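Lettering follows sequence order; numbering is per chain, from 1. What you see is a predicted model; the values in this text were computed from it and never measured.
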Amino acid sequence: MGHRVGVVLTPVPRQFYDRAVLDVARDLLGAVLESSQGGELVRIRLTEVEAYGGMADPASHAFRGPSPRNRTMFGPPGHAYVYFTYGMHFCMNLVTGAPGTAAAVLLRAGTVVDGVEVVARRRPGIRPRDFARGPARLTRALGVDLTADGADVCAAGGSLRVLPSVPVAEGAVRSGPRVGVTVATDVPWRFWVADDDSVSPYRAGGSRRRRGSTRV
DNA sequence: CCTTGGATGTACT
DNA sequence: GTACATCCAAGGG
């Protein structure tokens, strides 16, 4: 399986991202994310994504307006918004819509279709099924960190690109509430491929029950 | 398979 | 101080 190395592929064009975020999210399922960080090629076929609606969406990092962290989301579509969270993880989005709208699609999971040996080296002891099963695992498989924030994924010679692929059949797309969010839990803005092992397990949001309130 | 708790830095109240 | 678009190890079934 996978794509032959050496074949020149044209990235998905910028206008693909200049549409309603829900449409972009759904259409990203099946697309192939390619990274050549550190001179090593990894390609991942996306199986799970989530839409974030920008300033109108209470769950979006853009809800409270622009900041140094989220500024990429307020820029043009077709760029990577990467953020650092939980003190140790990176997550990656693709910015959609016109500048100022700040909508984006979180890339939650996928299947490694090229560079399996590279990922295996980056993730010793991890089962192949889990290589990109979750947003922070996906960035780790790709070798993506904060230096990729703002990267243009439409650039022909870019080190981080999105390649077209066979779209996932309409009947194989599932949707439901987003994972780990505590607000706007009523909107089914998570999209995934039915019956795919690489899709991450659902977890409801809400801070986990607090431990004893006293310090030390 | 499930559940629980720890790790760890930054943004925000 | 608390939450956070998370992951991992350890323990039980």
* Send over the distance from A:R123 CZ to C:dT6 C1', rounded to a whole Å. => 12 Å
* Please check the phosphate of C:dA5 (OP1 and OP2 only) for any side-chain N or O of A:H61 closer than 4.0 Å. => yes
* Nucleotide nearest A:N93 (side chain, heavy atoms from C-beta), chosen from C:dT6, C:dA5, C:dC8 -> C:dA5
* Cation over ring face, A:R122 and A:F131, 6.0 Å, 45° -> no
* Expressed in angstrom and rounded to an integer, what is the separation of A:E48 atom CD from C:dA5 atom C1'? -> 11 Å
* A:R129 has an atom CZ; how far is it from atom P of C:dC7, in whole Å? -> 14 Å
* Asked: Under the 3.5 Å rule, do the base of C:dA5 and the side chain of A:Y83 count as making a donor-acceptor pair?
  -> yes
* Which part of the nucleic acid does A:A59 contact within heavy-atom distance under 4.0 Å: base, sugar-phosphate only, or nothing? -> base
* Phosphate contact (C:dT6 OP1 or OP2) by A:R140 side-chain N/O below 4.0 Å -> no
* Does the distance from a Lys or Arg side-chain N to an Asp or Glu carboxylate O, for A:R140 and A:D145, drop under 4.0 Å? -> no
* Closest to side chain of A:F84, choosing from C:dT6, B:dT10, C:dC7 -> B:dT10
* Describe the nucleic acid contact of A:R190 in one word from base, sugar-phosphate, nothing, applying a heavy-atom distance below 4.0 Å. => nothing
* Asked: Rounded to the Å, how far apart are A:D130 CG and C:dC7 C1'?
  -> 10 Å
* Between A:R69 (CZ) and C:dA5 (C1'), how many Å, whole number? -> 9 Å
* To do: Tell me whether A:V105 is reachable from A:L163 by hopping between hydrophobic residues (I, L, V, M, F, W, Y) whose side-chain heavy atoms are closer than 4.5 Å.
  => no
* Asked: Would A:R161 and A:E34 pass as an ion pair if we require N to O under 4.0 Å?
  -> yes
* Asked: Mind checking whether A:Y83 and A:H61 have ring centres under 6.0 Å apart?
  -> yes
* To do: Respond yes when some side-chain nitrogen or oxygen of A:T182 is under 4.0 Å from OP1 or OP2 of C:dC4, and no when none is.
  => yes
* Asked: For A:M88 and C:dT6, what is the distance between atoms CE and P respectively, to the nearest whole Å?
  -> 12 Å
* To do: Considering only atom P, compute the distance from C:dT2 to B:dG6 and round it to an integer number of Å.
  => 15 Å
* Under 4.0 Å between a Lys/Arg side-chain N and an Asp/Glu carboxylate O for A:D196 and A:R133? -> no
* Interatomic distance, A:R133 CZ vs B:dC1 C1' [rounded to whole Å] -> 11 Å
* **Value in whole Å for how far the C1' atom of B:dT10 lies from NE2 of A:H89** => 14 Å
* To do: From the options B:dT10, C:dC4, C:dA5, select the nucleotide whose nearest atom is closest to the side chain of A:Y81.
  => C:dA5
* Asked: Given that both distances must come in under 3.5 Å, which nucleotide forms a Watson-Crick or G-U wobble pair with B:dG9?
  -> C:dC4
* To do: Please state whether the phosphate of B:dT13, meaning OP1 or OP2, lies under 4.0 angstrom from any side-chain nitrogen or oxygen of A:R64.
  => yes
* **Among B:dG9, C:dC7, C:dA5, the one nearest A:L106 by side-chain distance** => C:dA5
